[in-house]
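Read through the structure below, which is laid out as structure tokens, and then see the notes.
Within every chain, numbering begins at 1; the chains are lettered A, B, ... in the order of the sequence lines, protein sequences first and strands thereafter.
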2 protein chains.
Amino acid sequence: MNLRELSKLLGLSQTTVSRALNNYPEVSEVTRKRVKDAARRHAYAPNRWAKGLATGRPNAIAHVVPVDSTHEMVNPVFADFISGAIEVYTSHGYEMILSLIRAGDGPRIYRDLAARHSVGGLIVHAPMRDDTRLAMLDEIGTPYVVHGRISGARRPYNWIDMDNRRAYRRAAEELIGLGHERIALINGRAGMDFAVRREEGMREALAAAGLPVDRALIAGDEMTEQFGYEAAMRMLEARRPPTAFIISSLVSAIGTRRACEALGLKPGRDISIISHDDDLSYFRHDGAQPYFTSVRSPIREHGTQAALMLLRAIETPQEAPLQTLIEAELIPGRSTAPPPKSSPPEPPAPNLAS
Amino acid sequence: MNLRELSKLLGLSQTTVSRALNNYPEVSEVTRKRVKDAARRHAYAPNRWAKGLATGRPNAIAHVVPVDSTHEMVNPVFADFISGAIEVYTSHGYEMILSLIRAGDGPRIYRDLAARHSVGGLIVHAPMRDDTRLAMLDEIGTPYVVHGRISGARRPYNWIDMDNRRAYRRAAEELIGLGHERIALINGRAGMDFAVRREEGMREALAAAGLPVDRALIAGDEMTEQFGYEAAMRMLEARRPPTAFIISSLVSAIGTRRACEALGLKPGRDISIISHDDDLSYFRHDGAQPYFTSVRSPIREHGTQAALMLLRAIETPQEAPLQTLIEAELIPGRSTAPPPKSSPPEPPAPNLAS
DNA sequence: TTGAAAGCGGTACCAT
DNA sequence: ATGGTACCGCTTTCAA
């Protein structure tokens, strides 16, 4: 069923039917009702292509996600984020297009997206410290919002991000306040902008307390359970192990916790672990105290926000870039864990038999 | 830059330029090269709307995800799945549209999707035991592939699914083989088709071994850490606690493990926990043995498969439905845990002081 | 308040 | 091998 058929059926012109359906004021109410009823009855739905072609207005937002073989960004955080964004798009008549790009893809992809004329704006995911994508995007002129920030950016741009630096400063401060001096950081992949900021935050706290930075206590990689395990194991088995961990992801924290347990270190007693949920709320993995991963992380909310920002940028060309900084919520654990007395507990001596 | 401008520029007709770009054989090689070079130089990209309108061929696949307030299906499994699917779409010239629908949305959504003419097929996510969506879809006639199965379906349909029933039967059999008689199931949300099958699988094993089914040992809900904790806590504190758990998700298993620890039960010694990763590979949460959540779960592969199935269904109308059953891989743990001696360990007596 | 007709940017048929 | 032209289905002037 298309517009012409529908109009024939009603004995009206396409024009009138179109106007009635699109709520143009000049259509009489009785006609409009007749048209809308008929449209519903015959399950008429406009052809998006024709509509797009005629109006020239974009009807989709693309989420651009970089992927390479080692680095899989379609992760839980991302899922939450887009689920929030989608809702906004739907209620505004946009579709959401998911677009994976490879590291080597270059500007062509973005140009193509823009040239299609169906994409009105982009959300840029997983920015790196020096992301070259901004230059391409600015050149092309499609509105975009970055989920995260790009430290090396030359010009202002639209972004929504959490205050990673402050959050990690506070996490470190809390541990320092408990007496810890050897604090390890299990971070995200080096080069990712959020990881850079998190490390900076921790360094700030250490510097303010006059504590040295031990590079051996900083590790960064894709945030998997395995990475959390191996990085922690390596650090704990070294000569000068940490007494506390700050961990960039819930998943890695599971691995780290396992490593501690494997070495007989009880989190909350022999070792302190501050992890953060995807929303950067802190909590302790101390086993005894049930503290749960939030099901609906605020990340979803961020997706909603980002989408709204983008639609605003599309519909009303902004002079100043839109920027949203989200403060992390601090959820203190009930049990505190100062560093173990004098010498840190020895890991169980390996290979006693040999 | 559009086709007409490009053709003017080249002194050719639109027809020829179009043919050159779309690799029609009748264009001379020299012309084709000239056209393609010019297209690249001027960053020409065809308008998807015009192209779609002219060809009538769909250029997008929609992934339809049910959402309601209590039930958030945009989860890690889903993310992995679509990341696999997207790759297929991209290489076949399709876009991927994400479409969230609410439980009450009814057939209109599907009809609209189909009527748009830009959507060539659907992937249906998170099917329920008696999912009413199939009827709508069949009526509308758009090709679709279900990720999962629908037990109550009247007619054959395309699906890709794991063999949940067999996997859970085997899990229970393994525990029964160790001597367990009180096996608890922490399952997914009641009504979800996969949860139905998982429970059936466990019941089959119990029945085959002549063991009774204790309904108090079966719980099902959204698979969060909190649910895993609370369900396990409830069961363990009851008069006749289980000696083993089978858990439907990695995340819930974390909660269950915490509950056990809180009650002083060491997994692998006092209690047996078989969880499964998203790929249904089994493993034990026994603390001592590092076993990792797979980063790139096979689910991604399933997404790829589903996408390929759908494209096949779109491009060549099938007589028989396409159906892919994926067998779960069984990864045995190194340490086994028979049920504790005679009487199960008493949970610590609460409120001794009162 | 309604209608006729000219696009929007491609594709594909029919000529040449 | 190339070109002319009639569509595809909708919106939007312009006229009535």
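Residues passing the ring pair (Phe, Tyr, Trp, His ring centres under 6.0 Å) test with A/Y89 are A/H63, sequence neighbours excluded. Annotation: side chain to side chain donor-acceptor pair (under 3.5 Å) contacts of A/R111 (sequence neighbours excluded): none. Residues passing the side chain to side chain donor-acceptor pair (under 3.5 Å) test with A/R19: none are found, sequence neighbours excluded. Every residue meeting the side chain to side chain donor-acceptor pair (under 3.5 Å) condition with A/D37, not counting sequence neighbours, appears here in chain and number order: A/K33. In terms of the side chain to side chain contact (heavy atoms under 4.5 Å, CB included) criterion, residue partners of A/S151 (sequence neighbours excluded) are, by chain and number, A/R129, A/D193, A/R197. The side chain to side chain contact (heavy atoms under 4.5 Å, CB included) test applied to B/S28 returns B/V30, B/T31, not counting sequence neighbours. Checked against side chain to side chain donor-acceptor pair (under 3.5 Å), A/T142 has no partners two or more places apart in sequence or in another chain.
Looking only at side-chain heavy atoms (C-beta outward), B/W159 and B/L325 come within less than 4.5 Å of each other.
Comparing the end axes of the helix from C/dT1-D/dA16 to C/dT16-D/dA1, each fitted to five base pairs by superposing C1' atoms of four pairs onto the next four, gives an inter-axis angle of 40° (nearest 10 degrees).
Separating the CG atom of B/L12 from the C1' atom of D/dG4 is a distance of 14 Å, rounded to the nearest angstrom. As rounded to whole Å, 13 Å separates atom C1' of C/dC8 from atom CD of B/E5.
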Inset, instruction - For nucleotides 7-16 of chain D, just jot down a letter per nucleotide in 5' to 3' order: B, S or -, based on protein non-hydrogen atoms under 4.0 Å. - result: -BBBBBB---

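The side chain to side chain donor-acceptor pair (under 3.5 Å) pairs that include a residue from residues 45-60 of chain B are B/N22-B/K51, where partners are two or more places apart or lie in different chains. Listed by first and then second residue, the side chain to side chain donor-acceptor pair (under 3.5 Å) pairs that reach into residues 1-14 of chain B are B/S13-B/T16, sequence neighbours excluded.
DNA chain C lies under 4.0 Å from no heavy atom of any residue of residues 28-42 of chain B.
Phosphate proximity of C/dG3 to A/S13: present, with a side-chain N or O under 4.0 Å from OP1 or OP2.
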